[in-house]
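Any value given below was found using the heavy atoms of this structure, including those in side chains, with hydrogens, waters and symmetry copies removed. To find a chain, count down the sequence lines: A is the first, B the second, and so on, and within it residues start at 1. In this text, all values refer to a predicted model and were calculated from it rather than measured experimentally.
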Number of protein chains: 2
Amino acid sequence: MSDLFAPLDDHPAYRQIANQIEQRIVERTLRTGDALPSETDLARQFGVNRSTIREAIRELEVHGLLGRERGEKRLRVTRPEPRRVSSGVSRALALNDVTFMELWEAMMAIEPAAAQYAALRRSAGQMRGLANASVRFKRESTDTGTAVAAVVEFFTAVAAASGNQVLALSQAPLNLLLVPALTQVIDRVPQARSRIQAAQDRIIEAIKLKKSDQARVWMEKHIRDFKRGYDLKP
Amino acid sequence: MSDLFAPLDDHPAYRQIANQIEQRIVERTLRTGDALPSETDLARQFGVNRSTIREAIRELEVHGLLGRERGEKRLRVTRPEPRRVSSGVSRALALNDVTFMELWEAMMAIEPAAAQYAALRRSAGQMRGLANASVRFKRESTDTGTAVAAVVEFFTAVAAASGNQVLALSQAPLNLLLVPALTQVIDRVPQARSRIQAAQDRIIEAIKLKKSDQARVWMEKHIRDFKRGYDLKP
DNA sequence: GTGGCAGAATTGTCGGACAGTCCGATTATC
DNA sequence: GATAATCGGACTGTCCGACAATTCTGCCAC
């Protein structure tokens, strides 16, 4: 079953260095906001060339563990932001040819839950975010592109209002996948706009009134409706 | 409200190059399995130094868009694997101090759905994967570490059996977060092992018989039970 | 076809270099 | 005294050239 010998994989220096730095960050020896030593200094500490350090740093930068403020030169330890991380997941899914069905099932699992918790915990600011997205959809839905963007914004706002980072981070990758399907529905189904608008209104109302069960149910219906619109291809 | 001028952000060369290569991959000009030109060649094509190319390549490698077969020298275009991508999400969440409640809510959203679809679509091989995980838990649950690992394997197997990549990729990051909480429960609650075992048996049975509603319900109960065990801290 | 081999190609790493920019301190100005 | 201009040092982004180790490739023998 399992091999007797494990293949020995040599880790190049830049990978080992990346791992070491990452470990310091995860174990919080390097804490969020701390500035990293300069590349020259790191090169000295690790006893390698600066080029090698730079390659290691690139990895951590991509992971979102290191970053710099706008216009700043020095790198500092940062918390990986959901958006940054989720974009990687999105790309992975897009490249793996996700079907509409897969996307829809995941939405059915995540979005209603997000709506439910949003109704329980939304802050005033988050409520405003929701309202904004909805207003934008109402006002700018003539162009398909902006309409789709507004819908995505709505879902994101719901996830944010749920006050649950895990749900929010699970929801985020769905957005990118959603775009093509949603574009198609809005383009082809005449009544799509009004139905989406009505659904958003109901969901927002339920979240505003903190009626979590209703919020969940309306969101479920909204997403079922989305599938109906998608399946309706003439 | 909004500024007159947007801040100009200069993208360093290595980032631009990474983006260009990424675009070729996403638009499938470079297809999965294709070998990338050598670093020297890329440097010539982009008109930059090889060091710059290397930094760009590191980014794409981290994203999982480039990789190499074991012992191979040349890089080739690869599909980002769920595991690789999800580990980044896990780390992001861990660094953001996710609470047990957040994790639990997300599990309640995703795992029952995964179980439900698994019951509808599981293949024979996936069924075996489930059984294996369950057997391993039964047999090796004396040590807390291996017991936890077996539980994680079970959840992963369910997600895989769901035949839904999006759900699977949403579920994967939960595993790492699950470990500390689960360890605590198994360590402190004497009857945890037997309850988990019973729950797994019921879920597997439902999936085997393709009873999707039951699979979902049992999984819900399983996860509710997990929370009960966690809240029970003496 | 299989196996072996020499030479070419490629990667990982190194050292050094330089322009552009950011930062902190110092000096000049009101 | 507070603010503005100035200046030197530090740091990053990029380049050049180089070399050992390993992989790839075409060729030859069997």
Atom [atom1] of [X] and atom [atom2] of [N]: how far apart are they, to the nearest Å?
X	N	atom1	atom2	result
R54(B)	dC16(D)	CZ	C1'	15 Å
L75(A)	dC11(D)	CG	P	13 Å
R58(A)	dG13(D)	CZ	C1'	9 Å
N49(B)	dC14(C)	CG	P	16 Å
E72(B)	dA9(C)	CD	P	19 Å
K73(A)	dT14(D)	NZ	C1'	12 Å
R50(A)	dC18(C)	CZ	P	14 Å
E55(A)	dT13(C)	CD	P	7 Å

Checklist line | Per Y14(A) side chain, nearest of listed nucleotides dC14(C), dG12(C), dG13(D) | finding: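 Closest nucleotide to the Y14(A) side chain: dG12(C).
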Notebook entry, point to check: Nearest to the side chain of E39(B) - dT11(C), dT14(D), dT12(D)?
Noted result: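 Closest nucleotide to the E39(B) side chain: dT11(C).
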Without swapping roles, check the side chain of [X] against the backbone of [Y] for a donor-acceptor pair under 3.5 Å.
X	Y	answer
E59(B)	A18(B)	no
N164(B)	E102(A)	yes
R122(A)	K208(A)	yes
T40(A)	R50(A)	no

Notebook entry, point to check: What does R15(B) touch in the nucleic acid at a heavy-atom separation under 4.0 angstrom: a base, only the sugar-phosphate, or nothing?
Noted result: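 The answer is nothing, as R15(B) stays clear of every strand by at least 4.0 Å.
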Notebook entry, point to check: Quick one: which of E22(B), R24(B), R28(B), Q23(B) gives a side-chain contact (heavy atoms from CB on, under 4.5 Å) with V26(B)?
Noted result: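 Exactly one candidate clears the test, E22(B).
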Check: Is T52(B) near enough to dC15(D) that one of its side-chain N or O atoms lies under 4.0 angstrom from OP1 or OP2?
Finding: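 Indeed, a polar side-chain atom of T52(B) lies that close.
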Item checked: Residue met sooner reading DNA chain C from 5', once R74(A) and R74(B) are mapped to nucleotides ->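 On the 5' side of the pair lies R74(B).
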Notebook entry, point to check: Closer to the 5' end of DNA chain C via nearest nucleotide, is it L36(B) or S51(B)?
Noted result: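 On the 5' side of the pair lies L36(B).
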